[in-house]
Amino acid sequence: MTRIAVFGTGYLGATHAACMAELGHEVIGVDVDASKLAKLEAGEVPFYEPGLEEVLKRNLAAGRLRFSSSYQEAADFAEVHFIGVGTPQKKGEFAADLTHVDAVIDTLAPLLTRPTVILGKSTVPVGTAARLAKRVRSIAPAGDSIELGWNPEFLREGYAVQDTLHPDRLVVGVANESGDRAEDAAREVYAQLLDENVPFLLTDLPTAELVKISANAFLATKISFINAMAEVCEAAGADVTVLADAIGHDARIGRRFLNAGIGFGGGCLPKDIRAFMARAGELGADQALTFLREVDNINMRRRTRMVEMVRDAVGGSLLGARVSVLGAAFKPDSDDVRDSPALNIAGQIQLQGASVNVYDPRAMENSRKIFPTLEYTTSSVDASRGADVVLVLTEWDEFRNLRPQDLEGVVRGRRIVDGRNCLKPSDWTAAGWEYRGLGRPLQHGRRRVGDPE
Ligand code: UDX
């Protein structure tokens, strides 16, 4: 059992704190946001993450997990300190904003009077860990007896508990690869996972930082690759979903992360590829990553393409059109709307004169905060009342399972645009709907008896 402090109780920190307690450690979660702490203490997760609430409640009840705003309490208590605060994009720049990471170090270090290990989890520009290690040693009373390592986090929202307790691999970067207390601490904290043969990769500090950002750059590139193919398919009248299935059978390529649609969003991929380009520029390696600018461009073009497709669907102008938007979160099983392509598209369509009704099973509250001018409704049917066109922008199961008869007599025009290629076109065309998917040929609805000529 290790006594652990986790700084930051957002998507990453709260999950990490609860999961470390689940592994049997004694954990204190620390944050500066009193309202988050109050919720967590009461066993309530301040965001939607399947399965996390159970882990949180179980470990609070077992007395292994608590929350506090006191750095002093954390410094007195813990042997290992994890940094799990956010590193958002700087306003008006591509670079990452390290304010929160720096604040944790600057507040914590002066309180460290005994030998301690700090393990960073936040996604940071390469070089940050070495800089922080130097800083912490210079300001901590325990000085050189503080070891700082970097242990990047690869969790996906929606699968955060599973990814933390059963990761594909553990990566730990340390300053001294031939014997380091940060390595020992990590091996102790993750002992149960190591027993289960999770691969453990010990690296130097810059490699650990780069592993995380390059993994995200690869995933973003894979999505933009298939979205570029979708553009070509649209021009050539081909079907990108079939193409993805076919190339995905090649094990070297693989089918996962080849879903074409309105592209990637969220709190990680978009800002990470930009921060990566910015950092490479600072290091004089900017040429190596110029392709990421294209990855970003392809991704952003998908949003515009979706708006054009909707405009076409309603006859060339969005002015006065009624549009039903199903999905606001950046992906299913999440209430996160940070850089969400769905909300961005809903906003653009409204700005072009349409009236837009939005429905999402979980992300309504967060959407309303950042896009208060959109109309929010309580169900797919409610959103689609009188609609000229229905858009599916997040592939929640609830929308995948939607049937044309659910919307029969509700909509004004039987047109559906599938921004995630998650519907079966023939289900809709058979019921007389016009179906459009991204990177797929337009499919007209079969005429039904009684339809107007
Ligand atoms: C990502 C990484 O997957 C994770 O390893 C890292 O730790 C954090 O960033 P996350 O942001 O939770 O995780 O979401 P992810 O599942 O990667 O999806 C990112 C975006 O890509 C979503 O908007 C999703 O809709 C989109 N996407 C994903 C596609 O458009 N097509 C795909 O095939 C896959």
Side-chain angles (χ1 to χ4, degrees), residues 10-13 15-16 47-50 52 84 86-89 96 121-124 151-164 166-171 208-209 211-230 240-241 243-245 247-248 253-276 295-296 298-303 305-306 327-345 360 363 392-396 399-400 418-422 437-439:
Y11 288 97
L12 163 59
T15 308
H16 193 65
F47 47 88
Y48 179 67
E49 183 60 52
L52 183 55
T87 52
Q89 187 175 339
K121 293 204 79 65
S122 309
T123 303
V124 291
N151 168 218
E153 184 57 63
F154 303 96
L155 65 79
R156 298 160 297 168
E157 286 175 29
Y159 299 88
V161 172
Q162 153 85 13
D163 285 352
T164 308
H166 306 282
D168 291 337
R169 76 304 213 181
L170 289 161
V171 176
E209 294 167 311
V211 168
K212 168 60 195 260
I213 200 100
S214 55
N216 276 357
F218 186 87
L219 294 171
T221 304
K222 201 168 177 191
I223 299 168
S224 277
F225 172 83
I226 201 65
N227 280 329
M229 294 308 108
V240 74
T241 64
L243 180 137
D245 288 345
I247 63 172
I253 297 175
R255 180 62 180 83
R256 293 174 73 189
F257 266 67
L258 276 188
N259 294 322
I262 56 174
F264 58 82
C268 291
L269 300 191
K271 63 112 177 150
D272 283 354
I273 59 170
R274 292 170 194 158
F276 200 13
V295 166
D296 206 350
I298 293 166
N299 191 52
M300 299 312 271
R301 269 209 303 275
R302 291 284 79 193
R303 303 178 183 188
R305 175 73 192 124
M306 182 74 190
F330 84 106
K331 67 172 196 180
D333 296 316
S334 170
D335 64 355
D336 197 345
V337 294
R338 286 177 294 175
D339 206 350
S340 168
L343 262 193
N344 180 304
I345 288 163
D360 186 283
V392 176
L393 299 186
T394 313
E395 67 278 34
W396 286 94
F399 304 147
R400 284 178 186 278
D418 182 1
R420 294 292 184 179
N421 291 327
C422 64
L438 286 164

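Remember, it's 1-based here, ligands and their atoms both numbered in the order they're listed. Just the heavy atoms: all of them, side chains too, but no hydrogens, waters or symmetry mates, feed the values below.
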Does any N or O in the side chain of N421 come within less than 3.5 Å of the main-chain N or O of L438, such that one atom is a donor and the other an acceptor?
yes
Is a side-chain donor-acceptor pair under 3.5 Å present for T87 with K271?
yes
N-O pairing of R156 and E49 below 4.0 Å
no
Around ligand 1, what residues show up once you keep those with a heavy atom under 4.0 Å from it?
E153, F154, L155, R156, E157, K212, N216, L219, I223, F257, L258, N259, G263, F264, G265, C268, L269, F330, K331, R420
Sequence neighbours excluded, the answer for salt bridge (charged side-chain N to carboxylate O under 4.0 Å, His left out) partners of R303 is D339
Could you walk me through whether D360 and W396 pass the side chain to side chain contact (heavy atoms under 4.5 Å, CB included) test, one step at a time?
CA-CA 9 Å; D360 186 283; W396 286 94; 3.0 Å; yes
Under 6.0 Å from the six-membered ring centre of F154 and within 45° of its axis: does the NZ or CZ of R169 meet both?
yes
